[in-house]
4 protein chains.
Amino acid sequence: MSGNTIGKLFTVTSFGESHGPAIGCIVDGCPPGLELSEADIQGELERRRPGKSRHTTQRREPDEVRILSGVFEGRTTGTPIGLLIENVDQRSKDYSTIADRFRPGHADYAYHMKYGFRDYRGGGRSSARETAMRVAAGAIAKKYLKERIGVTIRAYLAQLGPIRIDRVVWAEVDNNPFFCPDPDRVAELEAYMDALRKEGESIGARINVVATGVPPGWGEPIFDRLDAELAYALMSINAVKGVEIGGGFACVEAKGTEFRDEMSPQGFLSNHAGGILGGISSGQDIVAGIALKPTSSLRLPGRSVNLRGEAVEVITTGRHDPCVGIRATPIAEAMTALVLMDHYLRHRAQNPDVKKELTPVPSKAP
Amino acid sequence: MSGNTIGKLFTVTSFGESHGPAIGCIVDGCPPGLELSEADIQGELERRRPGKSRHTTQRREPDEVRILSGVFEGRTTGTPIGLLIENVDQRSKDYSTIADRFRPGHADYAYHMKYGFRDYRGGGRSSARETAMRVAAGAIAKKYLKERIGVTIRAYLAQLGPIRIDRVVWAEVDNNPFFCPDPDRVAELEAYMDALRKEGESIGARINVVATGVPPGWGEPIFDRLDAELAYALMSINAVKGVEIGGGFACVEAKGTEFRDEMSPQGFLSNHAGGILGGISSGQDIVAGIALKPTSSLRLPGRSVNLRGEAVEVITTGRHDPCVGIRATPIAEAMTALVLMDHYLRHRAQNPDVKKELTPVPSKAP
Amino acid sequence: MSGNTIGKLFTVTSFGESHGPAIGCIVDGCPPGLELSEADIQGELERRRPGKSRHTTQRREPDEVRILSGVFEGRTTGTPIGLLIENVDQRSKDYSTIADRFRPGHADYAYHMKYGFRDYRGGGRSSARETAMRVAAGAIAKKYLKERIGVTIRAYLAQLGPIRIDRVVWAEVDNNPFFCPDPDRVAELEAYMDALRKEGESIGARINVVATGVPPGWGEPIFDRLDAELAYALMSINAVKGVEIGGGFACVEAKGTEFRDEMSPQGFLSNHAGGILGGISSGQDIVAGIALKPTSSLRLPGRSVNLRGEAVEVITTGRHDPCVGIRATPIAEAMTALVLMDHYLRHRAQNPDVKKELTPVPSKAP
Amino acid sequence: MSGNTIGKLFTVTSFGESHGPAIGCIVDGCPPGLELSEADIQGELERRRPGKSRHTTQRREPDEVRILSGVFEGRTTGTPIGLLIENVDQRSKDYSTIADRFRPGHADYAYHMKYGFRDYRGGGRSSARETAMRVAAGAIAKKYLKERIGVTIRAYLAQLGPIRIDRVVWAEVDNNPFFCPDPDRVAELEAYMDALRKEGESIGARINVVATGVPPGWGEPIFDRLDAELAYALMSINAVKGVEIGGGFACVEAKGTEFRDEMSPQGFLSNHAGGILGGISSGQDIVAGIALKPTSSLRLPGRSVNLRGEAVEVITTGRHDPCVGIRATPIAEAMTALVLMDHYLRHRAQNPDVKKELTPVPSKAP
């Protein structure tokens, strides 16, 4: 298949362009009996929705999701769940000026070279619009993991440009437009973003995601490791340029005695591994971090070429996020949920009779 | 399948434990007509082979590969290529002391919790021994890409602990035991490693890999992006904790005008994207970096638990790499080759009639 | 994934229940540049549509398909094609009587035992309603194969109960409600069906499908053979109980000299193989036959059990096809098209440089 | 992948040519803890082994299998199981005469047109030699299903040319070289085969396979139905031209009241469905039949063409089975076991919490 499906047992196949009639996906492999309604999904979509504050794109995407199948009398039936969101606020004229040229830093050029042809309206398939379906599908996985297994998946803004957020107060993450876990830093972020918008610039960001309650033993050896598939799922998010698990790149300068996580009868004594050993969950918190580049859609002119290879100047006048990283927080949670749900089902399949000779040990912070 | 296969069209399925009779793999999907002999593969295995200098494990692994199928009269036939390496130097007694306990930072605990049972000899399936088959399979992909498409894949040691290597002289990479691209830094690396061994410590490292000559248009949108599958393949290497594409984590503090790669009729003016836009190759060099943690196998005692959950002290007396990152260089090349080969075949399949309306533009360094 | 996707490179993932709000599918992997409109698909849906004659169910399914993505300015873009059909004529009351019991010969019991729970309205996911999406997706594959490769895929009614149709006049197949290729037998079929309806009975049928113009070399050795995947695709159609390739079961009593297809410089001298040798197309017509059982939905009472395992009598009062085989003709064409399209793309991928040292030889009738 | 892997969760990937150094496979996805030794596999290989009677090819294939991984201290570990059989009795000269020509009815021509190149020795990859690995892998699935689930899979010769065997005495199947279930017919079969050999002819056969003890609920709706995947797996066996489930092609002339399987509190009253409803097991015996064509390898001359397209006469002087159907009996069991094992694991994964509101009802013979 040409890359629009993720997962082996809990699969999501998505379709849709930014300015087509609708976007949608099929979630196949959800076990039967899960209570599910549109409201369960709408709540997560709301967290991602643009236009909620002056700090994100002013595009209006009501993003009303319809469940078209797979749910009967309020419960999943085990058959595929079809999800659909009709596109509404499409200002194609915003994009008409870039039909014949390639926006620097965008997928325009690569799509054109791949397909020889592209839907240029709003980036078509390469638009961040597509991530709405990731969040919708992820909402189902999150709900299943939370209710059936007791796994909680949460993400937050860890850095925005030069501003690093070190204090994590989970309860605060959804109380500000930045998904910032430290309420004392919100004013600073607002000031920075306001200045950035005046400049016409955009900025990168770092998002951290943490999954709590994953039992030990999820993940497959060698290639389909839990960390490898997390890296795949997180790197597949628009604008992501780096992925770290646990200690991440800091391990380069670390020594063995510092980085290895020792154990005691009371549990692990540290979590540099980020909850994954040999590609398999250890029972500790699963911790990942991602870097998102600044959006390339700027009103500041950029040098580029057109379809005839001639030099042109590109100014993007559409409505864009000055920091795409902000709205990536629920997307990172969704992608993590999809990977964990898939590995939960794979673990069930491959290890029907496994005897646990040890009980999981409590998790320690890194 | 339980995670031992990589690739969709050019697939590698591997088997084998560190101390079993043999390790092997099946390479399925290699097009017919490629000239291939054991020598082509042996050369790459030689680069990975331990025991070549005092800076890597003294384990003896002759790693003599046999081609068991898929090659007739010196050319691939299009049928699966079976590769086999018999295990020879197995000192099981080295490992007998850890049969009933979990080495801190190792996969022992996770495997045990997953399967309830494990082959503890030398780490069994979780041993780095398994990477020999990655290199063997990757050698076939590297040869095909080099000879048929003109793609060159090279990696080097970019950092070892505190020592950063900034100058890259490709011709020097294979002239020292560290795959260090700057001959002037080799003495420094040797001194550092000698001190490290005396200490009984291990250290992390960073490897960079660069693929040159990849035409624009390889990769699939949305999930199976070229960068996402590279992240998956590279993160699946033992001890890797982080993956970056192009500018990587530096993008967090970058502004849009700095990070977007502008274009001119003469080509791209920078390569912060690392040769991938929207998950599809742009024709620029594909650039990735990985972080490898220090090995947890140390003679310095570590706190852990045994099968009964009791506190124990673990000392690893086996022969181990003080810096696993060093030998990861050919492995990173191999994994990159496997992903690119797979996407070359996928691209062929999905785009039979694509018209190139632009010719690729020359690549610029980041 | 739980079984709702077919194909490896040209994939179709479907969703939808008989009485849900809509059914749909995602076609992923269609190469870019194919001219495609809703009308292209609607034509095939029309052939399958019930209620066109008194010989098929009187259920009204306008089956108006919408293309939601993957097509821009009248051509496919290479991105996934989302297809949707809203359900309209749903008389749920027709089915209320069977909510607590299992219709003999239906999937009710098996679904219930699998999921512990089911959407009983009209058979839910197990309804033949689902085959509309097979026909819709197949229409895209048929069009591509016809226009780009010159492959024609046609099916016809070969037997209905005791009535065998031996003469094949292709031009006549769409001129009668039975897809009967011999116009002289249509009156006989009508009389038989009228009597059957009076009886309240149903009857089985045999459909033959023929693909002309498939070049030699499509198909993969060993498991994913062209005949094996055709058998899979055709057996997956509701009510199919048998699949034959070429000579089929007649080979049991045949001798080697009779059954082997000899060759001459002018071509093959027979086609008992049905156009497939060793799982790979030979360039001859690809010929398959399928057997469809009589529908189990009858107004004649049948013995069964209810949810409490008590004996009950079941009478199906819904509107059903007395011979489901009739409308299976376009479905068989669609499934054959999906398999051939997938293998065309797989062949392209696996054999980029294949030299044809022989030109295909003309095809002979069996 | 190019077709050499079967299964989604219990996967078998095979390699090897008839006259290469060895054949082998990797079984990935076997749950941990199954007691397994080479003897368990050797027993099944022995049943398939040629040269045991004058009625099968006199080729000597000791077929000694080695387990190279995945088993530790006599139990499976959950990691991939590597199996290897070295080739011994290779008389390449037997085949040298057909290097430049295509044996009628063989895969030679199709392979050549696909790959432009082939290993002609003994049919290379298309040789029935490959089925040894199917039997080896199937032995593991059979053992697991038998010991853990109580599923028994047995096959027998149902027809050889004109001779139909109707009486089934399971205990007799392995007591004669034909896998004939009726001891009273063995002499007749011997006489027929002796005459056939004198003639220089070959003959087709029918094999029936029956799986007992499969609980209701295995299989996936829509495409990956249990019957569809059985059809795929059985059709993938060399020389198979037809597959039937339950009543099979007899359903074409059957009426609804005859064919539907009614139910009572004591169980099903018939089994025309062959134990599968809507693609899902019903708890009844799973019954399938396959037709195998007569081998095309005959000493009687056949018309064909050579690499230059010139008319030639082909005489096959190698040692071949006059009835390939005979030795297909253990292969049909193996393929059925692989499909059932895969669906057992898939069922486990997809239905973690399913409540059985009915207990399976006893199975009735057709």
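Residue numbers begin at 1 in each chain, while the letters A, B, ... track the order of the sequences.
- In terms of heavy-atom pairs under 4.5 Å with chain D, the best-connected choice from G242(C), S14(C), S281(C) is G242(C).
- Across A231(C), A250(C), A254(C), the residue that shares the most heavy-atom pairs under 4.5 angstrom with chain D is A254(C).
- The distance from atom CE of M263(C) to atom CZ of F102(D), rounded to the nearest 0.5 Å, is 6.5 Å.
- Listed options G278(D), S236(D), G302(D) were ranked by heavy-atom pairs under 4.5 angstrom with chain C; first place goes to S236(D).
- Interatomic distance, I222(D) CD1 to F15(C) CZ, rounded to the nearest 0.5 Å: 12.5 Å.
- When side chains are defined from C-beta on, K293(D) does not count as touching R260(C), because their heavy atoms never get closer than 4.5 Å.
- Between chain C and the options G325(D), G289(D), S202(D), P322(D), heavy-atom pairs under 4.5 Å are most frequent for S202(D).
- Contacts between I276(D) and chain C at a heavy-atom distance below 4.5 Å involve the backbone alone (N, CA, C, O).
- Between chain C and the residues P162(D), G219(D), G200(D), G246(D), the largest count of heavy-atom pairs under 4.5 Å involves G219(D).
- Between chain D and the residues G248(C), S126(C), S296(C), P221(C), the most heavy-atom pairs under 4.5 angstrom are made by P221(C).
- Per-residue counts of heavy-atom pairs under 4.5 Å with chain C were compared for A107(D), G105(D), G279(D), A110(D); the largest is that of A110(D).
- Counting heavy-atom pairs closer than 4.5 Å to chain C, the top-ranked of the candidates K241(D), E258(D), Q159(D), M235(D) is K241(D).
- Heavy atoms closer than 4.5 Å to chain C are found in both the backbone and the side chain of A273(D).
- If you tally non-hydrogen atom pairs under 4.5 Å between each of L277(C), I163(C), I237(C) and chain D, the highest count goes to L277(C).
- Taking CZ from F223(D) and CD from E130(C), the interatomic distance works out to 6.0 Å, rounded to the nearest 0.5 Å.
- Residues P294(C) and C251(D) come closest through the heavy atom pair CD-O, 3.6 Å.
- Heavy atoms closer than 4.5 Å to chain D are found in both the backbone and the side chain of F249(C).
- Proximity of R303(C) to S264(D): side-chain heavy atoms (C-beta onward) are nowhere separated by under 4.5 Å.
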### Query
E199(C) and K255(D): side chain to side chain contact (heavy atoms under 4.5 Å, CB included), yes or no, with the steps?
CA-CA 11 Å; E199(C) 250 183 288; K255(D) 288 193 170 175; 2.9 Å; yes
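- When L298(C), V243(C), D261(C) are compared by the number of non-hydrogen pairs under 4.5 Å with chain D, V243(C) comes out ahead.
- To the nearest 0.5 angstrom, S282(D) atom OG is 13.0 Å from D108(C) atom CG.
- Among E262(C), R206(C), E310(C), the residue with the largest count of heavy-atom pairs under 4.5 Å with chain D is E262(C).
- A distance of 11.0 Å separates OH in Y232(C) from CG in D227(D), rounded to the nearest 0.5 Å.
- With a 4.5 Å cut-off on side-chain heavy atoms, M113(D) and I280(C) do not count as touching.
- Only the backbone of T295(C) comes within contact range of chain D, judged by heavy atoms closer than 4.5 Å.
- A salt bridge links E253(D) to R164(C): one of the charged nitrogens lies within less than 4.0 Å of a carboxylate oxygen.
- Contact between D224(D) and T5(C) at its shortest, heavy atoms only, is OD1-O, 4.1 Å.
- Residue contact with chain D, scored on non-hydrogen atoms closer than 4.5 Å, involves the backbone of I290(C) exclusively.
- Formation of a donor-acceptor pair under 3.5 Å by the E220(D) side chain with backbone atoms of N4(C) is not found in this model.
- For L292(C), the part lying near chain D is the backbone, with the side chain staying farther off; criterion is any non-hydrogen pair under 4.5 Å.
- In terms of heavy-atom pairs under 4.5 Å with chain C, the best-connected choice from G161(D), S297(D), A239(D), A233(D) is G161(D).
- In this structure, chain D has heavy atoms under 4.5 Å from both the backbone and the side chain of A311(C).
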